[in-house]
**Student:** 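There's a structure below that I have some questions on.
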Amino acid sequence: MIDKLIIFDTTLRDGEQSPGASMTKDEKVRIAKSLERMRVDIIEAGFPIASIGDFEAVQAVANAVTDSRICALSRALDNDIDRAGEALKGANASRIHTFIATSPIHMEMKLRMSPEQVIENAVKAVKRARRYTDDVEFSPEDAGRSEPEFLYRILEAVIDAGATTLNIPDTVGYNLPHQFGQLIHDLREHIPNSDKAIFSVHCHNDLGLAVANSLSAVLSGARQVECTINGLGERAGNASLEEVVMAIRTRQDMFSVDTTIDTTQILSTSRLVSGITGFAVQPNKAIVGANAFAHESGIHQDGVLKNRETYEIMRAEDVGWNTNRIVLGKHSGRNAFRTRLEELDVVFEAESELNEAFRKFKELADKKHEIFDEDLLALVNGSISIENERIRLVSLKVCSETGETPVASVTLTLDDVEKQVEMAGSGPVDAALKAIEDIVNSQTELQLYSVSNITSGTDSQGEVNVRIEKGGRIVSGQGADTDIVIASAKAYISALNKILAPIDREHPQV
Ligand code: KIV
Ligand code: ZN
């Protein structure tokens, strides 16, 4: 008998907690629609009490998605739960996920609560959440370092209080696969009412074991896995959705479960998430890395040509590879452009945004004959107006010549006032970024600068990712253009616009 394994995606919540990966409301909705198309069972859309923006983003996802259940996170606090319940009002199917820490170190140092108080708060939180929905998930945070006997007590109590899913997080990624599997086995064995709830796992990747730990838990009876696209998430990330799903699908000989995920949507969703967050996927990343299905060495190619199963355990097309299509070109009209974007879940709120994106598309199509979905998505990411956009690029000119110091001349508007500066640098990108900083005086530190090509060929657009830091706050910015110096300036300006915006946001676990 094959059981269903529930896939709970937390890209929009735990993924977003990754420094620099924050997303706007519209970006969250686009990712949620892509997850829905992939047939993800549950989408954790955010932590509504964190800020008004977070609340509105959960609300927007709840209103936009119909097929997946939408979940909101809350600490075991009345206000958190009420905000989560409010944000989920428009959802077709909703879930409140409430949590409190249960490891000795977290209870003593973070919560300053006795174990009895922790149980009391957990029970109260679950009961309050049940006022809003009959689907309530409870997590004992840092379960991986909690006393099993204490977990038995608190989990029994929350099931009695109405929790329908018990999620066991390895919050700090400390467990080993055999140990984590044993924990799930023991919990199911020792909790008298364990059959009344679904066991779920939520593993972090600090030791690179998040997927292995999740799979071990599934073998021990867990029937929900919490994961993220590309393994995005706090610190080293969460278990990667694509790896969990494909491991279970590929090794059906080992599992008595399967998911209902449409795996052909994996690659496009992975690209959407990396494009929006600026967290690039490493080439050798399983399933979605550029080399994951490239059999480069001559010996391998020969083997694959004779019989693909010699070296391939999965089919590239099953996870969405080889579906790259030329979608539009120089002669495509506005309607074709709008329709293709709608198919990619991009809907512009204002007609002016569509017009601006279409103008950029025409410009791009003049330089590059074949326009792929990736080109369109990069173009859109650069066209949607950013809230609090204080800096806008007006023009950029660079002089770069062998034997000469490169010089960039940048004109931009800062708070609607036009300014122009010329600066020299070690290269044209360095000169352009120095000129921008000279005008803005942001005093931020550049933590990451990377360039990659969006599609293949030298006429491809270059996509630049930057990450900047100021006072402990990290943001990222992306820019795309066929000219990589312009792409760099766009990326840097997009990051600066984010870091200059005021922020008042709470982190759920700190
Ligand atoms: O890692 C963790 O413990 C969490 C909880 C909020 C479930 O993300
Ligand atoms: Zn987590």
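In this chain, residues are counted from 1 in sequence order. All ligand and atom numbering here is 1-based and tracks the order in the structure.
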**Student:** If we count only N and O atoms by modelled type, under 3.5 Å, do the side chains of E226 and H97 hold a donor and an acceptor together?
**Tutor:**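 No, no side-chain donor-acceptor pair sits under 3.5 Å.
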**Student:** Does the side chain of S103 pick up a donor-acceptor pair with the side chain of D142 at under 3.5 Å?
**Tutor:**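 Side chains of S103 and D142: pair found under 3.5 Å.
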**Student:** What verdict does the side-chain hydrogen bond (donor to acceptor under 3.5 Å, both in side chains) test give for D375 and Q461, after you've listed the backbone C-alpha separation in whole Å, the side-chain angles of each residue and the deciding distance to 0.1 Å?
**Tutor:** CA-CA 7 Å; D375 289 311; Q461 293 194 85; 3.2 Å; yes
**Student:** Can you tell me if I2 has over 12 outside heavy atoms packed within less than 6.0 Å of its CD1?
**Tutor:**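 Enclosed: over 12 neighbouring heavy atoms sit under 6.0 Å from CD1 of I2.
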**Student:** Could you tell me whether D206 and R235 have a side-chain N and a carboxylate O separated by less than 4.0 Å?
**Tutor:**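 The answer is yes: the pair qualifies as a salt bridge.
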**Student:** Taking any residue with a non-hydrogen atom under 4.0 angstrom from an atom of ligand 1, which ones do you get?
**Tutor:**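 Shell around ligand 1 (4.0 Å, heavy atoms): R13, D14, H97, F99, S139, E141, P169, T171, H202, H204, Q509.
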**Student:** I'd like to know whether CG of L446 has more than 12 heavy-atom contacts from other residues, nucleotides or ligands below 6.0 angstrom.
**Tutor:**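 Atom CG in L446 is packed in, count exceeds 12.
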**Student:** Going by chain and residue number, what protein N/O/S atoms come nearer than 2.8 Å to the Zn ion (ligand 2)?
**Tutor:**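 Protein N, O or S atoms closer than 2.8 Å to the Zn ion (ligand 2): D14 OD2, H202 NE2, H204 NE2.
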**Student:** Side chains of V466 and Q447, heavy atoms from C-beta outward: is any pair under 4.5 Å?
**Tutor:**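 Contact flag for V466/Q447 side chains = no.
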**Student:** Can you tell me if N213 and H204 form a side-chain donor-acceptor pair at under 3.5 Å?
**Tutor:**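 Result is no, nothing qualifies.
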**Student:** For the pair D26 and K28, find out whether any cationic side-chain nitrogen is under 4.0 Å from an anionic carboxylate oxygen.
**Tutor:**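 K28 and D26: not salt-bridged.
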